[in-house]
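Scroll down for the structure; my scribbles are underneath it.
None of these values were measured; they are calculated from a predicted model.
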Amino acid sequence: MNGYSFFAPTKVLFGAGKLGELGTQKLPGTKALIVTTGGNSVKRFGYLQRVEAELDRAGVAYELFDRIEPNPLRETVNAGGWMARTHGCDFVLALGGGSVMDGSKGICTVAANPHIDAEGNECPGDIWDFVNGGTALGLPIPNDPLPLVCVTTTAGTGSEVDAGGVLSCEDNDEKLRLGDPRLFPVLSVVDPELMVSVPARLSAYQGFDALFHCVECYISNTNTPMGDMVCREGIRRAASALPACVNNGDDLEARSSLAFANTLGGYAMDASGTTGSHGLEHGMSAHHHDLPHGAGLIMIARAYHTWMIDHGAVPERYIDMARLMGNATASDPHDFVVELTRLMEACHVADLAMSEWGIADKELPAIAHNALTTNGVLFSHDPVTLTDPDVVEILKNSYR
(Lines give C-alpha, C1' and ligand atoms only; values in the text may rest on other atoms or scores of the structure.)
Protein backbone atom coordinates (compact mmCIF):
# COMPACT_ATOMS: atom_id res chain seq x y z
CA MET A 1 0.00 0.00 0.00
CA ASN A 2 1.27 3.48 -0.89
CA GLY A 3 1.65 6.10 1.81
CA TYR A 4 -0.23 9.38 1.83
CA SER A 5 -0.55 12.74 3.54
CA PHE A 6 -3.98 14.03 4.55
CA PHE A 7 -4.87 17.30 6.27
CA ALA A 8 -8.46 18.55 6.57
CA PRO A 9 -8.83 20.65 9.74
CA THR A 10 -12.28 22.16 9.07
CA LYS A 11 -14.99 21.60 11.66
CA VAL A 12 -18.11 20.49 9.74
CA LEU A 13 -21.71 20.71 10.89
CA PHE A 14 -23.48 18.34 8.48
CA GLY A 15 -27.18 17.58 8.24
CA ALA A 16 -30.66 19.00 7.84
CA GLY A 17 -31.26 21.89 10.23
CA LYS A 18 -27.59 22.45 11.10
CA LEU A 19 -27.71 26.13 10.13
CA GLY A 20 -29.68 26.62 13.34
CA GLU A 21 -26.56 25.68 15.32
CA LEU A 22 -24.30 28.34 13.79
CA GLY A 23 -25.04 30.88 16.50
CA THR A 24 -23.93 28.47 19.25
CA GLN A 25 -20.50 27.90 17.74
CA LYS A 26 -17.26 29.59 18.72
CA LEU A 27 -16.81 31.94 15.78
CA PRO A 28 -13.35 33.26 14.83
CA GLY A 29 -14.02 36.97 15.32
CA THR A 30 -16.41 39.71 16.36
CA LYS A 31 -17.28 41.21 12.95
CA ALA A 32 -17.95 39.23 9.77
CA LEU A 33 -17.99 40.19 6.14
CA ILE A 34 -20.88 38.12 4.76
CA VAL A 35 -20.02 37.27 1.16
CA THR A 36 -22.63 36.06 -1.30
CA THR A 37 -23.56 36.36 -4.99
CA GLY A 38 -24.98 39.24 -6.94
CA GLY A 39 -28.19 37.24 -7.36
CA ASN A 40 -31.12 37.29 -4.96
CA SER A 41 -31.75 33.63 -4.14
CA VAL A 42 -30.19 33.66 -0.64
CA LYS A 43 -32.35 36.70 0.16
CA ARG A 44 -35.51 35.41 -1.50
CA PHE A 45 -35.41 32.07 0.33
CA GLY A 46 -34.50 33.68 3.66
CA TYR A 47 -31.03 32.16 4.01
CA LEU A 48 -29.30 35.51 4.44
CA GLN A 49 -31.76 36.55 7.12
CA ARG A 50 -31.23 33.26 8.92
CA VAL A 51 -27.46 33.68 8.87
CA GLU A 52 -27.79 37.24 10.15
CA ALA A 53 -30.03 36.00 12.96
CA GLU A 54 -27.44 33.38 13.94
CA LEU A 55 -24.69 36.02 13.98
CA ASP A 56 -26.92 38.26 16.11
CA ARG A 57 -27.41 35.36 18.51
CA ALA A 58 -23.64 34.93 18.71
CA GLY A 59 -23.10 38.65 19.33
CA VAL A 60 -21.21 39.10 16.06
CA ALA A 61 -21.52 42.26 13.94
CA TYR A 62 -21.49 42.02 10.13
CA GLU A 63 -21.30 43.78 6.77
CA LEU A 64 -22.65 42.44 3.46
CA PHE A 65 -20.71 42.02 0.21
CA ASP A 66 -23.13 40.62 -2.38
CA ARG A 67 -21.20 40.84 -5.66
CA ILE A 68 -19.62 37.44 -6.40
CA GLU A 69 -20.01 36.20 -10.01
CA PRO A 70 -20.49 32.56 -11.21
CA ASN A 71 -16.73 32.59 -11.92
CA PRO A 72 -15.44 35.04 -9.28
CA LEU A 73 -13.39 37.82 -10.83
CA ARG A 74 -10.08 39.29 -9.74
CA GLU A 75 -11.43 42.84 -9.43
CA THR A 76 -14.42 41.68 -7.37
CA VAL A 77 -12.22 39.70 -4.97
CA ASN A 78 -9.92 42.70 -4.58
CA ALA A 79 -12.90 44.96 -3.83
CA GLY A 80 -14.24 42.50 -1.25
CA GLY A 81 -10.88 42.22 0.46
CA TRP A 82 -10.56 46.00 0.70
CA MET A 83 -14.10 46.29 2.06
CA ALA A 84 -13.35 43.72 4.77
CA ARG A 85 -10.22 45.62 5.75
CA THR A 86 -11.69 49.13 5.74
CA HIS A 87 -14.80 48.02 7.66
CA GLY A 88 -12.81 46.27 10.38
CA CYS A 89 -14.05 42.76 9.64
CA ASP A 90 -11.93 40.12 11.33
CA PHE A 91 -13.39 37.09 9.54
CA VAL A 92 -15.38 36.23 6.43
CA LEU A 93 -18.59 34.21 6.22
CA ALA A 94 -19.27 32.73 2.78
CA LEU A 95 -22.96 32.11 2.10
CA GLY A 96 -23.49 30.31 -1.21
CA GLY A 97 -21.96 27.77 -3.51
CA GLY A 98 -18.50 27.12 -4.82
CA SER A 99 -18.03 30.48 -6.48
CA VAL A 100 -18.82 32.29 -3.23
CA MET A 101 -16.54 30.07 -1.17
CA ASP A 102 -13.70 30.35 -3.69
CA GLY A 103 -14.13 34.10 -3.95
CA SER A 104 -14.20 34.35 -0.16
CA LYS A 105 -10.84 32.61 0.12
CA GLY A 106 -9.45 35.29 -2.15
CA ILE A 107 -11.14 38.01 -0.09
CA CYS A 108 -9.65 36.56 3.12
CA THR A 109 -6.22 36.75 1.49
CA VAL A 110 -6.50 40.28 0.09
CA ALA A 111 -7.98 41.67 3.31
CA ALA A 112 -4.88 40.66 5.26
CA ASN A 113 -2.35 41.66 2.60
CA PRO A 114 -2.84 45.24 1.36
CA HIS A 115 -0.39 47.05 -0.88
CA ILE A 116 1.64 49.91 0.57
CA ASP A 117 2.12 52.99 -1.61
CA ALA A 118 5.21 55.20 -1.86
CA GLU A 119 4.03 57.34 1.06
CA GLY A 120 3.56 54.31 3.29
CA ASN A 121 -0.23 54.31 3.08
CA GLU A 122 -2.32 51.17 2.73
CA CYS A 123 -4.14 50.68 -0.57
CA PRO A 124 -6.08 47.74 -2.05
CA GLY A 125 -4.07 44.59 -2.59
CA ASP A 126 -4.26 42.31 -5.63
CA ILE A 127 -5.15 38.62 -5.44
CA TRP A 128 -3.12 38.07 -8.64
CA ASP A 129 -0.03 38.45 -6.47
CA PHE A 130 -0.84 35.09 -4.90
CA VAL A 131 -2.66 32.88 -7.42
CA ASN A 132 -0.63 30.48 -9.52
CA GLY A 133 -0.12 30.22 -13.27
CA GLY A 134 -0.51 32.48 -16.28
CA THR A 135 0.31 36.12 -15.63
CA ALA A 136 -0.14 35.77 -11.86
CA LEU A 137 2.89 36.19 -9.61
CA GLY A 138 2.33 33.11 -7.44
CA LEU A 139 3.98 34.76 -4.41
CA PRO A 140 3.81 33.28 -0.92
CA ILE A 141 1.04 34.87 1.16
CA PRO A 142 2.95 36.91 3.78
CA ASN A 143 0.20 37.60 6.34
CA ASP A 144 -2.27 34.99 7.53
CA PRO A 145 -5.57 35.30 5.64
CA LEU A 146 -8.66 36.19 7.64
CA PRO A 147 -10.45 33.14 9.07
CA LEU A 148 -13.26 31.75 6.93
CA VAL A 149 -16.64 30.28 7.87
CA CYS A 150 -18.71 28.65 5.09
CA VAL A 151 -22.45 28.09 4.87
CA THR A 152 -22.85 26.18 1.63
CA THR A 153 -26.13 26.32 -0.31
CA THR A 154 -25.16 23.92 -3.12
CA ALA A 155 -23.69 20.46 -3.61
CA GLY A 156 -20.93 21.00 -6.13
CA THR A 157 -17.38 22.07 -5.39
CA GLY A 158 -16.38 20.68 -1.99
CA SER A 159 -14.82 24.08 -1.24
CA GLU A 160 -16.21 23.94 2.28
CA VAL A 161 -13.48 21.44 3.24
CA ASP A 162 -10.52 22.33 1.03
CA ALA A 163 -7.84 25.03 1.01
CA GLY A 164 -8.08 26.18 -2.59
CA GLY A 165 -10.18 28.30 -4.91
CA VAL A 166 -10.36 29.11 -8.59
CA LEU A 167 -10.49 32.76 -9.61
CA SER A 168 -10.79 34.47 -13.00
CA CYS A 169 -9.39 37.52 -14.74
CA GLU A 170 -11.44 38.86 -17.66
CA ASP A 171 -8.64 41.07 -18.97
CA ASN A 172 -6.29 38.12 -19.49
CA ASP A 173 -8.80 35.30 -20.17
CA GLU A 174 -7.33 33.39 -17.23
CA LYS A 175 -8.88 31.10 -14.64
CA LEU A 176 -6.26 30.20 -12.05
CA ARG A 177 -5.90 28.53 -8.67
CA LEU A 178 -5.32 30.03 -5.25
CA GLY A 179 -4.15 27.57 -2.64
CA ASP A 180 -2.68 27.68 0.86
CA PRO A 181 -3.27 25.48 3.94
CA ARG A 182 -4.28 28.63 5.86
CA LEU A 183 -7.33 28.91 3.57
CA PHE A 184 -9.10 25.88 5.01
CA PRO A 185 -12.38 27.12 6.49
CA VAL A 186 -12.35 26.96 10.27
CA LEU A 187 -16.03 25.99 10.28
CA SER A 188 -18.45 24.85 7.57
CA VAL A 189 -22.18 24.29 7.74
CA VAL A 190 -23.53 21.78 5.20
CA ASP A 191 -27.30 21.90 5.60
CA PRO A 192 -29.19 20.09 2.82
CA GLU A 193 -32.34 22.05 3.67
CA LEU A 194 -30.68 25.05 1.99
CA MET A 195 -30.26 23.03 -1.22
CA VAL A 196 -33.87 22.07 -1.96
CA SER A 197 -34.42 25.46 -3.59
CA VAL A 198 -31.68 24.94 -6.19
CA PRO A 199 -33.30 24.67 -9.67
CA ALA A 200 -33.08 21.36 -11.50
CA ARG A 201 -30.58 22.46 -14.14
CA LEU A 202 -28.22 24.00 -11.59
CA SER A 203 -28.57 20.92 -9.38
CA ALA A 204 -27.31 18.86 -12.29
CA TYR A 205 -24.39 21.16 -13.05
CA GLN A 206 -23.32 21.25 -9.41
CA GLY A 207 -23.87 17.56 -8.75
CA PHE A 208 -21.83 16.48 -11.75
CA ASP A 209 -19.01 18.71 -10.55
CA ALA A 210 -19.09 16.82 -7.24
CA LEU A 211 -19.11 13.51 -9.10
CA PHE A 212 -16.21 14.51 -11.33
CA HIS A 213 -14.06 15.56 -8.38
CA CYS A 214 -14.28 11.99 -7.14
CA VAL A 215 -13.92 10.43 -10.61
CA GLU A 216 -10.85 12.47 -11.50
CA CYS A 217 -9.12 12.02 -8.16
CA TYR A 218 -9.71 8.26 -8.49
CA ILE A 219 -8.03 7.98 -11.91
CA SER A 220 -5.38 10.64 -11.15
CA ASN A 221 -1.75 9.60 -10.97
CA THR A 222 -1.80 11.31 -7.55
CA ASN A 223 -4.37 8.84 -6.17
CA THR A 224 -3.88 7.65 -2.61
CA PRO A 225 -5.43 4.90 -0.45
CA MET A 226 -7.24 7.52 1.62
CA GLY A 227 -8.46 9.27 -1.51
CA ASP A 228 -9.60 6.01 -3.09
CA MET A 229 -11.84 5.22 -0.13
CA VAL A 230 -13.39 8.69 -0.24
CA CYS A 231 -13.73 8.75 -4.04
CA ARG A 232 -15.49 5.41 -4.32
CA GLU A 233 -18.18 6.36 -1.81
CA GLY A 234 -18.54 9.80 -3.39
CA ILE A 235 -19.03 8.27 -6.85
CA ARG A 236 -21.58 5.77 -5.56
CA ARG A 237 -23.61 8.39 -3.70
CA ALA A 238 -23.49 11.05 -6.43
CA ALA A 239 -24.56 8.63 -9.16
CA SER A 240 -27.42 7.34 -7.02
CA ALA A 241 -28.68 10.70 -5.72
CA LEU A 242 -28.29 12.99 -8.74
CA PRO A 243 -31.41 11.98 -10.71
CA ALA A 244 -33.64 12.38 -7.67
CA CYS A 245 -32.17 15.81 -6.85
CA VAL A 246 -32.75 16.96 -10.44
CA ASN A 247 -36.20 15.45 -10.93
CA ASN A 248 -37.58 15.85 -7.39
CA GLY A 249 -35.70 18.67 -5.72
CA ASP A 250 -37.70 18.39 -2.49
CA ASP A 251 -36.30 14.91 -1.82
CA LEU A 252 -34.32 15.79 1.31
CA GLU A 253 -32.78 12.32 1.61
CA ALA A 254 -31.37 12.57 -1.92
CA ARG A 255 -30.21 16.13 -1.27
CA SER A 256 -28.44 14.93 1.87
CA SER A 257 -26.73 12.08 0.03
CA LEU A 258 -25.55 14.36 -2.77
CA ALA A 259 -24.37 16.95 -0.23
CA PHE A 260 -22.32 14.23 1.46
CA ALA A 261 -20.88 13.16 -1.93
CA ASN A 262 -19.95 16.78 -2.51
CA THR A 263 -18.13 17.08 0.81
CA LEU A 264 -16.39 13.78 0.08
CA GLY A 265 -15.27 15.33 -3.21
CA GLY A 266 -13.61 18.10 -1.23
CA TYR A 267 -11.82 15.52 0.91
CA ALA A 268 -10.82 13.68 -2.29
CA MET A 269 -9.03 16.81 -3.49
CA ASP A 270 -7.35 17.12 -0.08
CA ALA A 271 -6.03 13.58 -0.54
CA SER A 272 -5.09 13.68 -4.24
CA GLY A 273 -5.90 15.94 -7.18
CA THR A 274 -8.19 16.45 -10.15
CA THR A 275 -6.96 16.00 -13.72
CA GLY A 276 -6.77 17.70 -17.10
CA SER A 277 -10.55 17.51 -17.48
CA HIS A 278 -10.84 20.22 -14.84
CA GLY A 279 -7.94 22.11 -16.38
CA LEU A 280 -9.63 22.02 -19.77
CA GLU A 281 -12.89 23.37 -18.39
CA HIS A 282 -10.98 26.20 -16.74
CA GLY A 283 -9.69 27.08 -20.20
CA MET A 284 -13.25 27.14 -21.52
CA SER A 285 -14.72 29.36 -18.80
CA ALA A 286 -11.65 31.61 -18.82
CA HIS A 287 -12.77 32.62 -22.32
CA HIS A 288 -16.50 32.55 -21.44
CA HIS A 289 -17.01 33.70 -17.84
CA ASP A 290 -20.77 33.04 -17.84
CA LEU A 291 -20.25 29.32 -18.49
CA PRO A 292 -21.11 27.35 -15.33
CA HIS A 293 -18.18 25.16 -14.34
CA GLY A 294 -20.31 22.03 -14.00
CA ALA A 295 -21.89 22.54 -17.42
CA GLY A 296 -18.47 22.80 -19.02
CA LEU A 297 -17.33 19.61 -17.31
CA ILE A 298 -20.43 17.75 -18.51
CA MET A 299 -19.76 18.83 -22.11
CA ILE A 300 -16.23 17.44 -22.23
CA ALA A 301 -16.41 14.47 -19.85
CA ARG A 302 -17.35 11.71 -22.27
CA ALA A 303 -14.75 12.68 -24.87
CA TYR A 304 -12.06 13.12 -22.21
CA HIS A 305 -12.66 9.76 -20.55
CA THR A 306 -13.11 7.97 -23.87
CA TRP A 307 -9.71 9.31 -24.93
CA MET A 308 -8.15 8.10 -21.69
CA ILE A 309 -9.74 4.65 -21.98
CA ASP A 310 -8.74 4.30 -25.63
CA HIS A 311 -5.15 5.06 -24.63
CA GLY A 312 -5.03 2.45 -21.89
CA ALA A 313 -5.56 4.58 -18.79
CA VAL A 314 -6.28 2.64 -15.57
CA PRO A 315 -8.80 0.16 -17.05
CA GLU A 316 -9.50 -1.54 -13.72
CA ARG A 317 -10.50 1.76 -12.15
CA TYR A 318 -12.87 2.64 -14.98
CA ILE A 319 -14.53 -0.76 -14.62
CA ASP A 320 -14.81 -0.25 -10.86
CA MET A 321 -16.44 3.16 -11.37
CA ALA A 322 -18.96 1.69 -13.82
CA ARG A 323 -19.92 -0.83 -11.14
CA LEU A 324 -20.21 1.89 -8.49
CA MET A 325 -22.52 3.80 -10.83
CA GLY A 326 -24.94 0.90 -11.19
CA ASN A 327 -23.62 -1.67 -13.68
CA ALA A 328 -22.79 -4.57 -11.34
CA THR A 329 -21.52 -6.73 -14.22
CA ALA A 330 -19.29 -4.12 -15.90
CA SER A 331 -16.22 -5.72 -17.46
CA ASP A 332 -15.04 -3.18 -20.05
CA PRO A 333 -13.60 0.28 -19.24
CA HIS A 334 -15.97 1.80 -21.80
CA ASP A 335 -18.86 0.70 -19.57
CA PHE A 336 -18.00 3.75 -17.47
CA VAL A 337 -18.81 6.08 -20.37
CA VAL A 338 -22.06 4.17 -20.94
CA GLU A 339 -23.03 4.70 -17.29
CA LEU A 340 -21.98 8.34 -17.45
CA THR A 341 -24.19 8.87 -20.51
CA ARG A 342 -27.10 7.13 -18.80
CA LEU A 343 -26.72 9.41 -15.78
CA MET A 344 -26.53 12.53 -17.95
CA GLU A 345 -29.70 11.46 -19.78
CA ALA A 346 -31.50 10.87 -16.47
CA CYS A 347 -30.55 14.41 -15.46
CA HIS A 348 -31.44 15.93 -18.88
CA VAL A 349 -27.94 17.29 -19.59
CA ALA A 350 -26.63 14.81 -22.17
CA ASP A 351 -27.15 17.27 -25.03
CA LEU A 352 -25.49 20.38 -23.61
CA ALA A 353 -23.80 22.34 -26.40
CA MET A 354 -20.81 24.66 -26.17
CA SER A 355 -22.39 26.81 -28.87
CA GLU A 356 -25.24 27.65 -26.47
CA TRP A 357 -22.68 29.56 -24.38
CA GLY A 358 -21.18 31.32 -27.38
CA ILE A 359 -18.17 29.05 -27.85
CA ALA A 360 -17.26 28.84 -31.54
CA ASP A 361 -15.42 25.87 -33.01
CA LYS A 362 -12.67 28.19 -34.27
CA GLU A 363 -11.84 29.00 -30.61
CA LEU A 364 -11.01 25.41 -29.67
CA PRO A 365 -7.25 25.52 -30.36
CA ALA A 366 -6.91 28.73 -28.32
CA ILE A 367 -8.93 27.23 -25.46
CA ALA A 368 -6.74 24.11 -25.49
CA HIS A 369 -3.56 26.17 -25.45
CA ASN A 370 -4.87 28.41 -22.67
CA ALA A 371 -5.83 25.39 -20.56
CA LEU A 372 -2.47 23.66 -20.96
CA THR A 373 -0.38 26.75 -20.29
CA THR A 374 -2.34 28.11 -17.29
CA ASN A 375 -3.42 24.84 -15.63
CA GLY A 376 -0.51 22.58 -16.43
CA VAL A 377 -0.43 21.16 -12.92
CA LEU A 378 -3.87 19.58 -13.43
CA PHE A 379 -2.82 18.03 -16.74
CA SER A 380 0.25 16.63 -14.97
CA HIS A 381 -2.16 14.48 -12.92
CA ASP A 382 -3.56 12.72 -16.00
CA PRO A 383 -3.01 8.95 -16.06
CA VAL A 384 -1.91 9.31 -19.71
CA THR A 385 -0.17 12.48 -20.86
CA LEU A 386 -2.16 14.81 -23.11
CA THR A 387 -0.50 16.95 -25.77
CA ASP A 388 -1.86 20.14 -27.32
CA PRO A 389 -3.30 18.26 -30.36
CA ASP A 390 -4.86 15.67 -28.00
CA VAL A 391 -6.68 18.38 -26.05
CA VAL A 392 -7.91 19.97 -29.29
CA GLU A 393 -9.20 16.55 -30.39
CA ILE A 394 -11.10 16.11 -27.10
CA LEU A 395 -12.68 19.54 -27.55
CA LYS A 396 -13.64 18.81 -31.15
CA ASN A 397 -15.17 15.48 -30.13
CA SER A 398 -17.16 17.34 -27.45
CA TYR A 399 -18.31 20.21 -29.62
CA ARG A 400 -21.87 20.72 -30.70
Side-chain angles (χ1 to χ4, degrees), residues 36-39 41-42 45 68-72 96-103 152-160 165-166 168 175 190 192 194-216 234-235 237-249 251 254-255 257-266 269 274 277-305 325 340-359 398 400:
T36 188
T37 70
S41 60
V42 298
F45 293 111
I68 298 294
E69 303 88 357
N71 289 292
S99 61
V100 171
M101 291 184 282
D102 284 7
T152 180
T153 61
T154 68
T157 68
S159 291
E160 69 273 14
V166 181
S168 298
K175 187 174 179 182
V190 184
L194 307 187
M195 302 173 189
V196 297
S197 59
V198 179
R201 182 55 64 98
L202 291 180
S203 294
Y205 296 164
Q206 295 156 5
F208 271 96
D209 187 20
L211 171 68
F212 291 139
H213 288 152
C214 295
V215 165
E216 292 178 37
I235 291 166
R237 282 185 176 270
S240 174
L242 250 169
C245 291
V246 171
N247 295 300
N248 181 19
D251 186 335
R255 291 287 190 183
S257 193
L258 185 60
F260 187 51
N262 170 59
T263 299
L264 290 176
M269 290 183 285
T274 54
S277 182
H278 257 69
L280 181 50
E281 197 293 317
H282 293 335
M284 294 164 63
S285 50
H287 282 252
H288 295 270
H289 293 281
D290 291 334
L291 173 64
H293 177 56
L297 289 172
I298 290 167
M299 293 175 197
I300 60 177
R302 285 172 289 182
Y304 170 85
H305 290 292
M325 293 176 70
L340 189 57
T341 301
R342 178 193 61 77
L343 185 60
M344 289 179 181
E345 289 172 346
C347 296
H348 319 294
V349 292
D351 296 324
L352 294 184
M354 294 184 200
S355 56
E356 294 176 7
W357 273 273
I359 300 175
S398 304
R400 58 171 59 90

**Prompt:** What distance do H293 atom NE2 and D102 atom CG have between them, rounded to the nearest 0.5 Å?
**Reply:** 9.0 Å
**Asked** Is it the case that E69 and H289 place a side-chain donor and acceptor less than 3.5 Å from each other?
**Response** no
**Message:** Once rounded to the nearest 0.5 Å, what's the spacing between atom CE of M299 and atom CD1 of I359?
**Reply:** 6.0 Å
**Prompt:** What pair of heavy atoms forms the shortest contact from L340 to A301, and how long is it?
**Reply:** CD2-CB, 4.0 Å
**Complete:** For I298 and M344 the tightest heavy-atom approach is O-CE, 3.6 Å
**Request:** Please round to the nearest 0.5 Å and tell me the distance separating atom CG of N71 and atom NE2 of H288.
**Result:** 12.0 Å
**Close side-chain approach of D209 and H278, heavy atoms under 4.5 Å** = yes
**Fill in**
Tightest non-hydrogen contact, residues S257 and R237, listed as OG-NH1, 3.0 Å
**Item:** Any side-chain heavy-atom pair of S99 and P72 under 4.5 Å
**Value:** yes
**Message:** Taking side-chain contact (heavy atoms from CB on, under 4.5 Å) as the definition, give me every residue that meets it alongside S398, ordered by chain and number, with sequence neighbours left out.
**Reply:** I300, A303, M354, I394
**Request:** Determine whether T36 and T153 make a side-chain contact, defined as any pair of heavy atoms from C-beta on separated by less than 4.5 Å.
**Result:** no
**Item:** By salt bridge (charged side-chain N to carboxylate O under 4.0 Å, His left out) - contacts of R201 (at least two apart)
**Value:** none
**Between CG on residue L291 and CE on residue M284, distance to nearest 0.5 Å** = 5.5 Å
**Parallel, tilted or perpendicular, as decided by the 30° and 60° cut-offs, for the rings of W357 and Y205** = perpendicular
**Asked** Can you tell me how far OG1 of T274 sits from NE2 of H213, rounded to the nearest 0.5 angstrom?
**Response** 6.0 Å
**Prompt:** For the side chain of R400 and the backbone of S355, is there at least one donor-acceptor N/O pair under 3.5 Å apart?
**Reply:** no
**Prompt:** Heavy atoms, side chains only, cut-off 4.5 Å: are H348 and N247 in contact?
**Reply:** yes
**Prompt:** R255: what forms a salt bridge (charged side-chain N to carboxylate O under 4.0 Å, His left out) with it, not counting sequence neighbours?
**Reply:** none
**Fill in**
Correct closest heavy-atom pair for V215 and H305 would be CG1-CE1, 3.7 Å
**For F208, all residues meeting ring-ring contact (aromatic ring centres under 6.0 Å, His included), sequence neighbours excluded** = F212
**Complete:** With sequence neighbours left out, the residues meeting side-chain contact (heavy atoms from CB on, under 4.5 Å) with E356 are A353
**Item:** Pair listing, salt bridge (charged side-chain N to carboxylate O under 4.0 Å, His left out) test, anchored in residues 281-298, at least two apart
**Value:** K175-E281
**Item:** Closest contact, heavy atoms only, V190 versus P192
**Value:** O-CD, 3.5 Å
**Request:** Tell me, with the steps shown, if L211 and L343 meet side-chain contact (heavy atoms from CB on, under 4.5 Å).
**Result:** CA-CA 11 Å; L211 171 68; L343 185 60; 3.8 Å; yes
**Message:** We want to know whether Q206 and N262 form a side-chain donor-acceptor pair, criterion being a heavy-atom distance below 3.5 angstrom.
**Reply:** no
**Message:** Please give me the minimum heavy-atom distance between A261 and A238, naming the atom from each residue.
**Reply:** CB-N, 3.8 Å
